[in-house]
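The block underneath contains the structure these notes are about, expressed in structure tokens.
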Amino acid sequence: MARLYGLLFLAQVVLAIFALISCLSAEEGEIRALPRIAWVLIILFFPLIGSIAWFAAGREPTARRSGTAWPVGNGFSERNRPRPVAPDDDPAFLSSLADRARREDQERLRRWEEDLRRREEELRRQDGDRDRPEV
């Protein structure tokens, strides 16, 4: 007898979960009689009666639904669609990385050369000051 009650309880929980998912995934135009939040609360607080009420009166019957549950395709739409390319496989991205690295290297070299010139100028000035006799 306990197994029967356990089985009935499990069936009730499965039905409530199925009804809750159905209610939450239904389009606004498919929900009848009450707002969605009211149906969710009814299903949660009264799982057996709320689930049966949802399937009986809360949603549009399947025959009158305007669309299908899954979008219909010809089976080729995914194959013909250009696939996204990973950044490390995209030649344009890789060339932009190389260009950016080249520009950064040139800028770094330019700064080093300026710094070297500035230091050489300072050394020349210091050497020139040493060569002059003090007055």
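At a threshold of 4.5 Å between side-chain heavy atoms, the hydrophobic network of Ile, Leu, Val, Met, Phe, Trp and Tyr places Ile21 and Phe46 in two separate groups. When the side chains of ILVMFWY residues are joined at heavy-atom separations under 4.5 Å, either directly or via intervening members, Leu44 and Ile17 end up in two distinct hydrophobic clusters. Phe55 and Val14 are not part of a single hydrophobic cluster, where members link through side-chain heavy atoms under 4.5 Å apart. In the hydrophobic clustering of ILVMFWY residues, with side-chain heavy atoms under 4.5 Å counting as a link, Phe18 and Ile42 come out together.
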Mind running side chain to side chain contact (heavy atoms under 4.5 Å, CB included) on Arg119 and Asp115 for me, showing each step along the way?
CA-CA 6 Å; Arg119 289 179 182 195; Asp115 188 44; 3.4 Å; yes
Side chain to side chain contact (heavy atoms under 4.5 Å, CB included) between Leu24 and Leu20, worked out
CA-CA 6 Å; Leu24 292 173; Leu20 194 60; 4.2 Å; yes
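With respect to Arg110, the side chain to side chain donor-acceptor pair (under 3.5 Å) criterion is satisfied by exactly one of Glu113, Gln106, Glu107: Glu107.
Contact check for Ile52 versus Leu15: side-chain heavy atoms found under the 4.5 Å cut-off. Put simply, the side chain of Trp54 reaches to within 4.5 Å of the side chain of Ser22, judged on heavy atoms. Inter-residue side-chain proximity for Cys23 and Ile43 is flagged as met; some heavy-atom pair is nearer than 4.5 Å.
The two residues Trp39 and Gly58 make their nearest non-hydrogen contact at CZ2-CA, 3.3 Å. Nearest heavy atom pair, residue Leu97 against residue Arg100, reads CD2-NH2, 3.2 Å. Minimum interatomic distance between Ser51 and Pro47 (heavy atoms only, all atoms of both residues): OG-O, 2.5 Å. When all heavy atoms of Glu28 and Arg36 are compared, the closest pair comes out as OE2-NH2, 2.8 Å.
Using a 4.0 Å cut-off between charged side-chain N and carboxylate O, Arg124 and Asp127 make no salt bridge. Using a cut-off of 4.0 Å between Lys/Arg side-chain N and Asp/Glu carboxylate O, Asp99 and Arg102 are scored as salt-bridged.
Partners of Arg103 under the salt bridge (charged side-chain N to carboxylate O under 4.0 Å, His left out) rule, at least two apart in sequence or in another chain, do not exist in this structure. Among residues two or more places apart in sequence or in another chain, the salt bridge (charged side-chain N to carboxylate O under 4.0 Å, His left out) test is passed with Glu122 by Arg118.
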